[in-house]
Structures are given as C-alpha cells and as structure tokens.
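Everything numeric here is computed off the predicted structure, so don't read it as measured data.
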Amino acid sequence: MRAELPGAQHEWLDGAAGPVVRPYTLTGGRVRPAVDGFDLIAFVLTGADADPFGQPGLQPEHRRLVELARRPAAVADLAADLDLAVGVVRVLLGDLLARGLVSVHEPPAAGLPDNDILKAVVSGLRAL
C-alpha cells in the first residue's frame, strides 16, 4: 500500500479542473434558501450601497454574486456565470437577500402563458 504525499495529484484531476469544492460545502449543508425559492427567470439586482466586503461571513461566491448583480441578472444566468448548480445559487442568494445586499424581482404572472397553451405545445412536440 502506497502512502500519498501531501498535495499529490489524483489521476481523475487535471490542471484544467480547478479547485474541486462540493456544492454542500458552499451552502453549509443547506439545500433550501433562507427565504422562499427563486424562480429561474427572476431578476436579481444589487443595492446601490451594497458592500459585500464589509460583511463578515460571506464567501467569495457571495461576493461574486453581488458583483454580477450590479446589473439586473436572471437567477439562471448567475448560476451559469458562476458555474454552480442553480440550487446552490438560490441558497447563496437567500443569504444575500436576508442581509439586504440584493433584491429579487419575480416576473409578473400575467406575462406567463396559459397552462392550456403550454399543454398544447407539449402535445404538439410529442406528436413530432
């Protein structure tokens, strides 16, 4: 049996992989945000006076979310920009919302298509 040296590379890691951090590490084991869930198309916006660096206990991903949301950004876009799972981003956004660093603007329900229309589209796609 061979002992691994500190810092030894595993064959499943390569230079392009970057740091490997489990999603539950970023969220402290939480799977739900502190506030109600966020729709994928909800827009997040950072407050004008929000300073994530003056807040203790924030992770680099929290700070990056605040910076990315200086301009309105959808939850799905933020997850893609950070290369994180949407569930992780929702938990992190919940932390930021609870601290007052961001605001979330849900899409108006009137702008969404009717369920009957969506069902007809799905039926039509299945028929193809």
Side-chain angles (χ1 to χ4, degrees):
M1 183 168 215
R2 183 181 98 193
E4 297 237 355
L5 298 173
Q9 292 290 332
H10 295 280
E11 56 273 353
W12 53 271
L13 287 178
D14 63 15
V20 179
V21 177
R22 299 272 186 217
Y24 60 81
T25 305
L26 296 174
T27 63
R30 298 170 293 151
V31 294
R32 300 205 190 287
V35 294
D36 287 335
F38 304 98
D39 195 293
L40 285 176
I41 58 174
F43 278 89
V44 180
L45 185 61
T46 300
D49 59 345
D51 179 20
F53 296 99
Q55 298 270 337
L58 290 183
Q59 298 177 23
E61 291 79 12
H62 285 110
R63 291 183 179 95
R64 182 76 176 122
L65 279 170
V66 170
E67 292 305 315
L68 288 171
R70 295 273 179 213
R71 296 177 131 189
V75 172
D77 292 336
L78 292 171
D81 289 343
L82 286 176
D83 196 24
L84 291 173
V86 173
V88 172
V89 170
R90 285 177 171 157
V91 171
L92 298 176
L93 286 173
D95 297 342
L96 295 173
L97 187 62
R99 291 177 183 234
L101 293 172
V102 297
S103 59
V104 178
H105 306 278
E106 297 288 339
L112 299 176
D114 185 24
N115 279 341
D116 293 332
I117 294 172
L118 293 176
K119 287 178 184 177
V121 170
V122 169
S123 296
L125 289 173
R126 286 185 181 151
L128 292 175

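Between atom CZ of residue Arg71 and atom CG of residue Leu45 there is a gap of 11.5 Å, rounded to the nearest 0.5 Å.
Taken together through direct or relayed side-chain contacts under 4.5 Å among Ile, Leu, Val, Met, Phe, Trp and Tyr, Leu128 and Val121 form part of one hydrophobic cluster. Leu82 and Leu78 fall within a single hydrophobic cluster, where Ile, Leu, Val, Met, Phe, Trp and Tyr are joined by side-chain heavy atoms under 4.5 Å apart, directly or via other members.
Contact record, Arg70 with Gly47: NH1-O, 3.5 Å, taken as the closest heavy-atom pair. Residue Thr46 comes nearest to Val66 through the heavy atom pair OG1-O, 2.7 Å, listed as atom of the first residue, atom of the second, then distance. Nearest heavy atoms, Pro56 versus Arg99: O-NH1, 2.9 Å.
Asn115 is listed as a side-chain neighbour of Leu118, based on a closest heavy-atom distance under 4.5 Å.
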request  = Given side-chain contact (heavy atoms from CB on, under 4.5 Å), test Leu92 with Leu96 step by step and report yes or no.
outcome  = CA-CA 6 Å; Leu92 298 176; Leu96 295 173; 5.6 Å; no
inquiry  = Applying side-chain contact (heavy atoms from CB on, under 4.5 Å) to Val75 and Leu93, what does each step give before you reach the verdict?
reply    = CA-CA 9 Å; Val75 172; Leu93 286 173; 4.0 Å; yes
ask   = Are Arg90 and Leu40 close enough, and set up right, to give a side-chain contact (heavy atoms from CB on, under 4.5 Å), and what steps lead you there?
value = CA-CA 9 Å; Arg90 285 177 171 157; Leu40 285 176; 3.6 Å; yes
inquiry  = Does Leu58 form a side-chain contact (heavy atoms from CB on, under 4.5 Å) with Leu101? I'd like the steps, not just the answer.
reply    = CA-CA 11 Å; Leu58 290 183; Leu101 293 172; 3.8 Å; yes
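Residue Leu84 forms a side chain to side chain contact (heavy atoms under 4.5 Å, CB included) with just one option from Val88, Asp81, Val86, and that option is Val88.
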